[in-house]
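The shown structure was predicted, so the numbers you read here are calculated from the model rather than taken from an experiment.
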Amino acid sequence: MAVHELFRRKPVEQIEAVEGGGLQRTLGLWQLTAIGVGGIIGAGIFSLAGAVANQTAGPAVLISFLVAGIASAAAAFSYAEFAGLIPRAGSAYTYGYAVLGELVGWLIGWDLLLEYTAIVAVVAIGISGYFNDLLGFLDIHLPLWMSGAPGTEPEGVAAGSYKVNLFAVLLCLLIAFVLNQGMRSAARFETLLVYLKVALVVLVIVVGAFHVNTGNWSDFFPFGVGGAFTGAATVFFAVFGYDAMSTAAEESRDSQKHMPKAILYSLAISMVLYVLACLVLTGMVPYTDIDSEAAFSSAFESVGLRWLGGVIAVGAILGILTVLFTFLLGATRVGFAMSRDGLLPKWFSGTHPVKKVPSRMTWILGAAAAVIAGLLPIGEAAELTNIGILLAFVVVCVAVVVLRYRRPDLPRTFRCPGMPVVPAIGVAFSIWLITFLKPETWLRFAVWFVIGLVVYFAYGRRHSKLADHHQR
C-alpha cells in the first residue's frame, strides 16, 4: 500500500457534479436558516446560560457568549466558503476529503457519526428530564422502570429501580420517523418549531426587560475576566449547529447561493437572541440567585409571573426538539455521503424511492441514539460529544486556507474574509477548547478512533470509489 493512497483526493470539479445521489432539492434559504437556528438555540439558552452565570461568569455570561460567538464565527466563515464551493452532502467530511485526503476525511466523518448521534441522545435525555418535571407538576408519576437509565435513581429510590429512559428512546425514534417523511415535510415541521422557539425567546426578552434591575449588573465580573473566558469554553457548545445544517447541501434548491447565507444568518440571529436573553436574565435576578437548571422559569416566578415560567418550560421542550432534528439530520447525511463514496457499504446510502431520503441510515442512527439515550446517564452520554466537532472545525479551517492557495481559480460564491487570520482564529480557539476536555473524553475518542482505522483499512480503503478510479 502506497502512503499517497491514504491522501488521495477527488477533484473539486468532480464533487460539484454530484453523482446521482438520489436526494431531492427542496430547501430554500429560510428553511435552511431555520434548521441552523434550530441546531444552535436549544439547551444553551434555556439552561446553560443560567448555569454559567451562577457558577462561572456572573453577569459577564454575556461576554462568554460573545467570545464563543466570535470564535464560532471564525469557523462559520470557513464553512460558508466551502458550502458555496462544494454543494454536496457531508459537510466537514466532504471538505476534508476533497482538500486534505481520504484518510483525513474518513476520520472526521467517522467521528461526526458518533458525535452527532451522541448529541441527539444527550438532548433527548435532557428533554426527558423536563418532561418528567412537567408530569410531576401535574402530579403524574411514571412507573419507575421507565423513568431513567440504570444508575440514575435519585435519593430515596432503590438502586436498580430504573431500567430505561423510555421517553428519551421514543423521542429519538420520533425524530427518525419525521426525517423519513421526506425533506419537504420534515423541514416544515422543523421550521414551525423554530418559529415557536424564537417567538418564545422574544417573549422572554420583551417581558423580562420590564423587570430588569440594572443594579444587578454592578458587579459585572464577579469571577474575574478569566471567569468570562472559562464560561466561553462552556457555552461554545451552544453556538454551533450550522455545521450539521451544512450537511444538507444537496437538499438545498440553490446551495451555492443559499448555504453560505444560511450559515451566517443562523449564527447571527442566534447570537443576538443569546446576548439579549443573557442581559434580561442577569438583570432580573442577581447572579447568585439564578437557578442553574431552570434559569428563566425561576426568574419569572421570582417576579410574580409564574404562568410565564410554565410557558417557558413547555416551550423549552418543544424548542429543544429542533436540536434533535438538526443533529440527526447531520449524522444521517454524513453517513450517506461516506457510503456513497464507497467508504461504507453501498447499502447504507440507499434512498427511499418516493421520499428521496436516506431512510436506512436514518433508522440505524436514530436507533443508535435511542439505545444511548435509554441506557446511559446524561453525563456519560455527553462524554461522547464535543471532541469530534472541535476537530472538524480545525480540519475545515485548515482546509479552507489550503484550498484557497492551492486552487485560487475556483469560482467561490462566498469568500472567507481575513484570510488566513480568521481561519487561524478558528483553529486556535478549537484547540484551546479541546484542552478543557476530560481524560475520559480522550479515552473514548481514542477507542472510537482505533475502531475507525480498523474499518477503514479492512473495508473503506479497498472499496473507495477513488480506489476504483485508480485501478481503472
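- For the atom pair Leu390 CG and Ile434 CD1, the distance stands at 5.0 Å (nearest 0.5 Å).
- Ring to ring, Phe300 and Phe296 are not that close: their centroids are 6.0 angstrom or more apart.
- Checking side-chain atoms of Ser72 against main-chain N and O of Val239 turns up a donor-acceptor pair under 3.5 Å.
- Counting only distance, with no hydrogens or angles, the side chain of Thr117 and the backbone of Ala369 share no donor-acceptor pair below 3.5 Å.
- Residues meeting the side-chain contact (heavy atoms from CB on, under 4.5 Å) test with Phe449, sequence neighbours left out: Leu107, Phe445, Leu453.
- Contacts of Phe189 classified as ring pair (Phe, Tyr, Trp, His ring centres under 6.0 Å), with partners at least two apart in sequence or in another chain: none.
- With contacts defined as side-chain heavy-atom distances shorter than 4.5 Å, the pair Ile389/Ile119 qualifies.
- With values rounded to the nearest 0.5 angstrom, Leu466 atom CG is found 7.5 Å from Asp341 atom CG.
- Residues passing the side-chain contact (heavy atoms from CB on, under 4.5 Å) test with Ile425 are Ala74, Val421, sequence neighbours excluded.
- Remark: side-chain polar atoms of Ser349 are paired, donor with acceptor, to backbone N or O of Lys346 under 3.5 angstrom.
- Thr413 places a side-chain N or O within donor-acceptor distance of the main-chain N or O of Gln256, the cut-off being under 3.5 Å.
- Between the CD1 atom in Ile125 and the CD1 atom in Ile372 there is a gap of 8.5 Å [rounded to 0.5 Å].
- Side-chain contact between His258 and Leu27: absent, with no pair of heavy atoms (C-beta onward) separated by less than 4.5 Å.
- The two residues Leu113 and Ala331 come nearest to each other via the heavy atoms CD2-O, 3.5 Å.
- Residues meeting the salt bridge (Lys or Arg N to Asp or Glu O under 4.0 Å) test with Arg404, sequence neighbours left out: Glu81.
- Shown here for Leu403 and Arg412, the closest heavy-atom pair between the two residues is O-NH2, 3.3 Å.
- To the nearest 0.5 angstrom, Ile175 atom CD1 is 5.0 Å from Leu324 atom CG.
- Rounded to the nearest 0.5 angstrom, Leu85 CG and Arg407 CZ are separated by 9.0 Å.
- For Asn180, the side-chain contact (heavy atoms from CB on, under 4.5 Å) criterion is met by Val357, Ser359, Thr362, Trp363, not counting sequence neighbours.
- Pairs of residues two or more places apart, or lying in two chains, that qualify as side-chain hydrogen bond (donor to acceptor under 3.5 Å, both in side chains) and include a residue from residues 315-337 are Glu190-Thr326, Lys197-Thr322, Glu251-Arg333.
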Assess the residue pair Leu203 and Leu308 against the criterion (side-chain contact (heavy atoms from CB on, under 4.5 Å)); give the C-alpha distance rounded to whole Å, side-chain angles, the decisive distance to 0.1 Å, and a yes or no.
CA-CA 9 Å; Leu203 176 66; Leu308 188 54; 3.7 Å; yes
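- Contact detail for Val285 and Ser302: the closest heavy-atom pair is CG2-OG, 4.0 Å.
- Tyr93 and Thr247 share no donor-acceptor pair across their side chains, judged by distance under 3.5 Å alone.
- In the displayed structure, Lys257 atom NZ is contacted under 6.0 Å by at most 12 heavy atoms of other residues, nucleotides or ligands.
- No side-chain heavy atom of Tyr97 sits less than 4.5 Å from a side-chain heavy atom of Ile108.
- Shown here for Phe348 and Arg360, the closest heavy-atom pair between the two residues is O-CB, 4.4 Å.
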Is there a side-chain contact (heavy atoms from CB on, under 4.5 Å) between Phe414 and Leu264 once you walk through the steps?
CA-CA 11 Å; Phe414 177 86; Leu264 300 180; 3.6 Å; yes
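- Across all their heavy atoms, Phe65 and Met271 have their closest contact at O-CE, 3.0 Å.
- Checking side-chain atoms of Ser430 against main-chain N and O of Gly426 turns up a donor-acceptor pair under 3.5 Å.
- In this structure, Ser91 contributes its side chain and Ala244 its backbone to no donor-acceptor pair below 3.5 Å.
- For Tyr79, there are no side chain to side chain donor-acceptor pair (under 3.5 Å) partners, not counting sequence neighbours.
- Counting only heavy atoms from C-beta outward, the side chains of Leu343 and Trp110 never approach each other to under 4.5 Å.
- Applying the ring pair (Phe, Tyr, Trp, His ring centres under 6.0 Å) rule to Phe82 yields the partners Tyr95; only residues at least two apart in sequence or on another chain are considered.
- Nearest approach of Tyr242 to Ala75, heavy atoms of both residues: OH-CB, 3.7 Å.
- Counting only heavy atoms from C-beta outward, the side chains of Tyr456 and Glu102 approach each other to under 4.5 Å.
- Here the side chain of Asp243 pairs a donor or acceptor atom with the backbone of Gly241 at under 3.5 angstrom.
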Kindly indicate, with the supporting measurements, whether the criterion side-chain contact (heavy atoms from CB on, under 4.5 Å) is fulfilled by Leu171 and Ser128.
CA-CA 9 Å; Leu171 271 179; Ser128 177; 5.5 Å; no
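- Within the structure, side-chain hydrogen bond (donor to acceptor under 3.5 Å, both in side chains) pairs that include any residue of residues 261-272 do not occur (at least two apart or interchain).
- With a 4.5 Å cut-off on side-chain heavy atoms, Ser185 and Lys355 do not count as touching.
- Here Arg9 pairs with nothing under the salt bridge (Lys or Arg N to Asp or Glu O under 4.0 Å) rule; sequence neighbours left out.
- The number of heavy-atom neighbours closer than 6.0 Å to OH of Tyr459, taken from other residues, nucleotides and ligands shown, is above 12.
- With sequence neighbours excluded, the residues that form a ring pair (Phe, Tyr, Trp, His ring centres under 6.0 Å) with Phe429 are Phe236, Trp432.
- In this structure, Glu250 CD and Met183 CE are separated by 12.5 Å, a value rounded to the nearest 0.5 Å.
- Counting only heavy atoms from C-beta outward, the side chains of Thr33 and Ile269 approach each other to under 4.5 Å.
- By the side-chain contact (heavy atoms from CB on, under 4.5 Å) test, Ala34 pairs with Thr191, Val194, sequence neighbours left out.
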Under the criterion side-chain contact (heavy atoms from CB on, under 4.5 Å), I'd like the reasoning laid out for Val280 against Leu276: C-alpha separation, chi angles, the key distance, then a yes or no.
CA-CA 6 Å; Val280 166; Leu276 293 177; 5.7 Å; no
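- Using a 4.5 Å heavy-atom threshold, the side chains of Tyr116 and Leu328 count as separate.
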